[in-house]
Amino acid sequence: MKITTWNVNSLTARLQHVQDWLAANPVDVLCLQELKLTDDKFPLDVLRGIGYGHCAVFGQKTYNGVAIMSRTPLRDVVKNITGFEDDHSRVIAATLDTPDGALRLVNGYFVNGQAPGTEKFDYKMNWLRGLQAYLRDEVASHPRLVLLGDFNIAPEDRDSFDPVGLAETIHHTTQERDHFRQLLALGLVDSFRLFEQPEKSFSWWDYRMLGYQKNRGLRIDHILVTEPLRAAVKACTIDRVPRKWKQPSDHAPVTVEI
DNA sequence: ATGGCGTTCGCGGAACGA
C-alpha cells in the first residue's frame, strides 16, 4: 500500500503533472493540497479515467483546498477540524479499508503563518492547537492512522538548508517545532525518519533564486503514522523528479509504503 | 534583502505562498 502527499500549487495548473506522475508511480492513494479550485471544478472524470475514481474533495476558490484520491472506496469523510471554526479548506479525513484493516487518513494543508508576530502566525498557532485537540480524539478512535500533508514546519535543523540563518523565522520557530513534537507525543512517528535518508533531504524549494538548483530547500511535507503502523512501514521517500519538470509545483511528492 | 517566482482574479496589480 503506497500513499502519497503532494502540494500541487493549483490542481488546474498541475493536472497534467499529476497524471504524468501517477502514470509512472501508480500509488494507491494520492493526497493533494492547495487545489485552488472549488469542488465543482475538481477534474473527477480525468482522475477516474486513470484509476482514481474514489475522491474526497474539500475545495476552495483561489486558495487552499485538499483532496484524497483513491483507487478503492473511501468512507466516513470529515472536512476541516472538528471543534475548530475555520473559513479555509485545509483538512480532509477519510477511512480506507485494506486487507490489514481500516486505515484512517488525515490530509492537511497547514497554515503558512507568514512571520512570527503577525496575525497569520497567531492563526497558525490557534489552528495547530485545534488540530492537536482533534487528532487526540482521532488517534484514540483510529489506531491505524496516517497524518500527512504540507505541515509548513521544518521539524529539526537538518530539515532546512540554512538552519542558522533562518533560526526562529517562519517554519523554523520554537513554537512551530513544539507543535510538531506535540503531534508526535499523541503517539505518531515521522515515517521519513524511520529510515536512513540522504543529508539535505527537502520537499520544497523556492521558485526564486535558483532554489532547487542550489538545493536551498525545506522538508515541510510529512507523513506521520501511529505506533501500531510503525513496524509495517517499509519506506518513505521524496521524489524530486517532478520538481525538475517544466512549470512545476514548488513541492515534491512524498510517499510512504505500508 | 523590503528582492526574486508562480498562481489567481481579471485586465493592473494585489494577495498569498514559504
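A, B, ... follow the sequence lines: proteins, then strands. Residue 1 opens every chain. Remember, it's a predicted structure, so these values are computed and weren't measured experimentally.
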### Summary
The answer to which of A:Ser10 and A:Met209 contacts DNA chain B further toward the 5' end, by nearest nucleotide, is A:Met209
### Message
Rounded to whole Å, how long is the line connecting atom CH2 of A:Trp205 with atom C1' of B:dG4?
### Response
19 Å
### Query
To the nearest angstrom, how far is A:His88 atom NE2 from B:dC16 atom C1'?
10 Å
### Query
Reckon A:His251 touches a base, only the sugar-phosphate, or nothing at all at heavy-atom distances under 4.0 Å?
sugar-phosphate
### Query
When the distance from CD of A:Gln60 to C1' of B:dC16 is rounded to whole Å, what number comes out?
12 Å
### Task
Verify whether one side chain among A:Tyr123 and A:Asp86 offers a donor that lies under 3.5 Å from an acceptor in the other.
yes
### Touch class at under 4.0 angstrom, heavy-atom based, for A:Asp150 against every strand present
sugar-phosphate
### Query
Less than 3.5 Å between a donor and an acceptor, one on the side chain of A:Asn112 and one on the base of B:dA18, is that the case here?
yes
### Nearest atoms (heavy-atom pairs only) where A:Asp100 meets A:Arg144
O-CZ, 3.5 Å
### Message
From CG of A:Asp162 over to C1' of B:dA1, roughly how many Å is that when rounded to an integer?
### Response
14 Å
#### Entry: Nearest-angstrom distance from the residue atom CH2 of A:Trp204 to P of B:dG17
13 Å
### Whether A:His171 and A:Trp204 hold their rings parallel, tilted or perpendicular, with breakpoints at 30° and 60°
tilted
### Task
Check every strand shown and say whether A:Asn7 touches a base, only sugar-phosphate, or nothing at a heavy-atom separation below 4.0 Å.
sugar-phosphate
### Sugar-phosphate only, base, or nothing, as touched by A:Arg14 at under 4.0 Å among non-hydrogen atoms
sugar-phosphate
### Query
Taking the P atom of each, how far is B:dG13 from B:dA18, in whole Å?
26 Å
### Task
Please check if any side-chain donor atom of A:Glu168 sits under 3.5 Å from a side-chain acceptor atom of A:Thr174, or the reverse.
yes
Name the atoms and distances for all side-chain donor-acceptor pairs under 3.5 Å in residues 179-188 of chain A, with sequence neighbours left out.
from, atom 1, to, atom 2, distance (Å)
A:Arg181, NH2, A:Asp178, OD1, 2.6

### Query
Does A:Arg90 make a cation-pi contact with A:Phe110 (under 6.0 Å, within 45 degrees of the axis)?
no
### Message
Please tell me if A:Tyr109 has a side-chain N or O lying less than 4.0 Å from either OP1 or OP2 of B:dA18.
### Response
yes
### Query
Side chain of A:Thr12: nearest nucleotide among B:dG4, B:dT8, B:dC16?
B:dT8
### Query
Among B:dT7, B:dC9, B:dA18, which is the nearest nucleotide to the side chain of A:Thr62?
B:dC9
### Task
Please list residues of residues 33-43 of chain A whose heavy atoms come under 4.0 Å from any atom in DNA chain B, ordered by number; otherwise none.
A:Glu34
### Task
Round to a whole Å and report the spacing from CD of A:Gln114 to P of B:dT2.
13 Å
### Query
When all nucleic acid strands are considered with a 4.0 Å heavy-atom cut-off, which category describes A:Phe202: base, sugar-phosphate, or nothing?
nothing
### Task
Give a yes or no on whether A:Arg177 atom CZ has more than 12 heavy-atom contacts from other residues, nucleotides or ligands under 6.0 Å away.
yes
### Query
When the P atoms of B:dG4 and B:dA14 are considered, how many whole Å apart are they?
12 Å
#### Entry: Rounded distance in Å between the P positions of B:dA15 and B:dG3
13 Å
#### Entry: Given B:dC16, B:dT8, B:dA18, the nucleotide with the shortest approach to the side chain of A:Asn152
B:dA18
### Query
Quick one: do the A:Gln33 and A:Asn107 side chains pair a donor with an acceptor below 3.5 Å?
yes
### Message
For the P atoms, the ones on B:dG6 and on B:dA1, what distance do you get once it is rounded to whole angstrom?
### Response
22 Å
#### Entry: Rounded interatomic separation in angstrom, taking NZ from A:Lys61 and C1' from B:dT7
13 Å
### Message
Can you measure A:Asn9 atom CG to B:dC16 atom P for me and round it to whole angstrom units?
### Response
15 Å
